[in-house]
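When reading the values below, keep in mind they use all heavy atoms of this one structure, side chains included, and skip hydrogens, waters and symmetry mates. This is a predicted model, so every value here is computed, not measured.
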Amino acid sequence: MTSEYRSRPCDEAAEKIECYIIENRFEANQKLPSERDMCAMWGFNRTTLRSAIRRLVAEGVLYNRVGSGTFVAPQKLVRNLQDAEGFGSAARAAGRTPGTRLIRAGFREASKQISQKMKLPLGHRMFELIRVRLLEDEPVLMETAYLDARRLQGIENYDFSKLSLYSVLQEHFNIKIIHGEEKLNVTYTDEEEAAFLGIPEGVPVLYQTGVVSDENNVPVEYFKSIARSEYIRFASVLLR
């Protein structure tokens with residue numbers, strides 16, 4: 001004996017919201033009706049509707065703005081894991097408007113981890129660059145880069161709130177990024193990261209680390225980044 005399958009109320013609510021967006025041709029950043037109105041439209045209780053909204057926010061379909069309501073999310077920016085293209089170039093190629101907020105640009109000594117990744121002595125002089133990257137003025141990515149300061153004399157004189165790191169490396173230091181190795185995991189924001197990204201502490205984010213090298217296979221940059229998954233997704237192209 002089989003019983004008829006019935007989808008969960010949360011799933012039904014999420015489907016109703018997505019259909020509503022499509023049928024009414026909502027565009028990115030357009031505001032949805034209030035929770036009260038949507039509950040009345042479809043007969044869901046507030047708990048069910050909020051569960052559906054949370055799921056759609058996690059999937060990148062919607063986003064919340066505190067005190068303003070729920071909005072249709074822009075299409076996620078796709079970053080190719082096998083591509084050495086910088087954030088700004090990738091965003092512009094996707095028709096998005098990138099921006100940068102400079103957090104720190106200065107010198108430090110190489111820690112054990114940095115020295116191992118960059119194949120440099122412990123305590124070596126490094127240039128540390130920390131930036132928050134924006135899409136349409138929304139913080140979506142926090143990047144930290146470590147570079148060999150002795151190889152890049154004068155790099156501290158460039159304004160990386162306006163300039164592309166990879167463009168400066170190529171045009172002013174004759175260094176071209178050719179390939180790299182990277183890892184992708186999920187982590188949770190600490191207090192500082194959450195403040196820079198404008199999200200609550202402890203929210204899950206995508207954590208990417210890696211080393212990129214030049215044509216002579218010399219490490220150029222060791223980087224770490226955390227990305228808001230509702231705005232950015234990572235993909236990889238499988239070559240035959």
Side-chain angles (χ1 to χ4, degrees), residues 10 14 17 28-29 50-94 96-105 108 111 113-114 117 128-147 160-161 164-166 180-212 221-237:
C10 176
I17 293 171
N29 303 308
R50 286 179 175 173
S51 294
I53 289 174
R54 282 197 298 269
R55 195 184 82 182
L56 293 174
V57 168
E59 293 176 358
V61 176
L62 305 174
Y63 69 91
N64 291 318
R65 189 176 294 161
V66 178
S68 298
T70 303
F71 298 79
V72 177
Q75 186 174 359
K76 290 186 182 184
L77 176 66
V78 179
R79 301 296 309 276
N80 190 339
L81 288 169
Q82 296 177 322
D83 197 346
E85 186 177 39
F87 174 86
S89 298
R92 283 186 287 269
R96 308 296 296 273
T97 303
T100 299
R101 186 179 302 147
L102 183 64
I103 305 301
R104 170 175 162 75
R108 60 164 292 170
S111 65
Q113 181 185 41
I114 295 171
K117 297 293 184 181
E128 179 183 55
L129 178 63
I130 305 175
R131 296 177 292 176
V132 171
R133 314 307 295 269
L134 315 172
L135 286 176
E136 286 81 40
D137 295 325
E138 183 73 22
V140 300
L141 181 73
M142 182 175 176
E143 294 180 326
T144 302
Y146 302 101
L147 304 105
F160 290 106
S161 66
S164 160
L165 172 61
Y166 287 3
E181 298 178 356
E182 51 200 355
K183 295 180 181 179
L184 188 64
N185 294 289
V186 174
T187 189
Y188 299 89
T189 52
D190 61 23
E191 183 179 2
E192 182 180 61
E193 294 164 344
F196 284 133
L197 291 175
I199 55 179
E201 183 180 353
V203 167
V205 287
L206 299 174
Y207 179 54
Q208 185 186 23
T209 62
V211 177
V212 293
E221 174 199 17
Y222 168 54
F223 68 88
K224 302 184 293 184
S225 72
I226 56 172
R228 294 175 60 179
S229 59
E230 68 267 38
Y231 290 100
I232 295 177
R233 68 181 177 90
F234 292 90
S236 182
V237 178

Student: Glu136 and Asn29: side-chain contact (heavy atoms from CB on, under 4.5 Å), yes or no, with the steps?
Tutor: CA-CA 11 Å; Glu136 286 81 40; Asn29 303 308; 5.8 Å; no
Student: Treating Glu181 as the side-chain partner and Val211 as the backbone partner, does any N or O pair qualify as donor plus acceptor under 3.5 Å?
Tutor: no
Student: Please walk me through it: do Val212 and Phe223 pass side-chain contact (heavy atoms from CB on, under 4.5 Å)?
Tutor: CA-CA 8 Å; Val212 293; Phe223 68 88; 4.1 Å; yes
Student: Heavy atoms, side chains only, cut-off 4.5 Å: are Ile53 and Asn64 in contact?
Tutor: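 With C-beta onward as the side chain, the pair touches.
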Student: Are there over 12 heavy-atom neighbours, none belonging to Asn185, within less than 6.0 Å of that residue's CG?
Tutor: yes
Student: Quick one, Phe87 and Leu135 - any side-chain contact, counting heavy atoms below 4.5 Å?
Tutor: yes
Student: Considering all heavy atoms of both residues, which atom of Ala14 and which atom of Arg55 are nearest to each other, and what is their separation?
Tutor: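 Looking at all heavy atoms of both residues, the closest pair is CB-NH2, 3.2 Å.
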Student: Apply side-chain contact (heavy atoms from CB on, under 4.5 Å) to residues Leu102 and Leu129 and explain how you reach the verdict.
Tutor: CA-CA 8 Å; Leu102 183 64; Leu129 178 63; 3.6 Å; yes
Student: Taking all non-hydrogen atoms of both residues into account, name the closest pair between Pro98 and Ala91 and its distance.
Tutor: CB-CB, 3.8 Å
Student: What's the spacing between Leu141 CG and Ile226 CD1 if we round to 0.5 Å?
Tutor: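 Those atoms lie 8.0 Å apart.
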Student: Please list, chain by chain and in numerical order, all residues satisfying side-chain contact (heavy atoms from CB on, under 4.5 Å) with Ile114, sequence neighbours excluded.
Tutor: Arg108, Ala110, Ser111, Met118, Met126, Tyr146, Tyr222
Student: Measure the CD-OG1 distance between Gln113 and Thr209 for me, rounded to the nearest 0.5 Å.
Tutor: 8.0 Å
Student: Output side-chain donor-acceptor pairs under 3.5 Å for residues 191-203, partner residues at least two apart or in another chain, one line each.
Tutor:
{"residue": "Glu193", "atom": "OE1", "partner": "Asp190", "partner atom": "N", "Å": "3.0"}

Student: What is the distance from atom NZ of Lys117 to atom NZ of Lys224, rounded to the nearest 0.5 Å?
Tutor: 11.0 Å
Student: What pair of heavy atoms forms the shortest contact from Thr187 to Tyr207, and how long is it?
Tutor: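 Taking every non-hydrogen atom into account, CG2-CB, 3.5 Å.
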Student: Does a side-chain heavy-atom distance below 4.5 Å link Leu62 with Ile17?
Tutor: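 Yes, their side chains come closer than 4.5 Å.
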Student: Between Arg228 and Pro139, is there a donor-acceptor pair closer than 3.5 Å when you use the side chain of the first and the backbone of the second?
Tutor: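 Answer holds: yes.
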Student: To the closest 0.5 Å, what do you measure between CD (Glu138) and CZ (Arg65)?
Tutor: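 Between Glu138 CD and Arg65 CZ, I get 7.0 Å after rounding to 0.5 Å.
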Student: How long is the span from the CZ atom in Arg54 to the OG1 atom in Thr70, to the nearest 0.5 Å?
Tutor: 11.5 Å
Student: Between OG of Ser225 and CE of Met142, what distance do you get to the nearest 0.5 Å?
Tutor: 10.5 Å
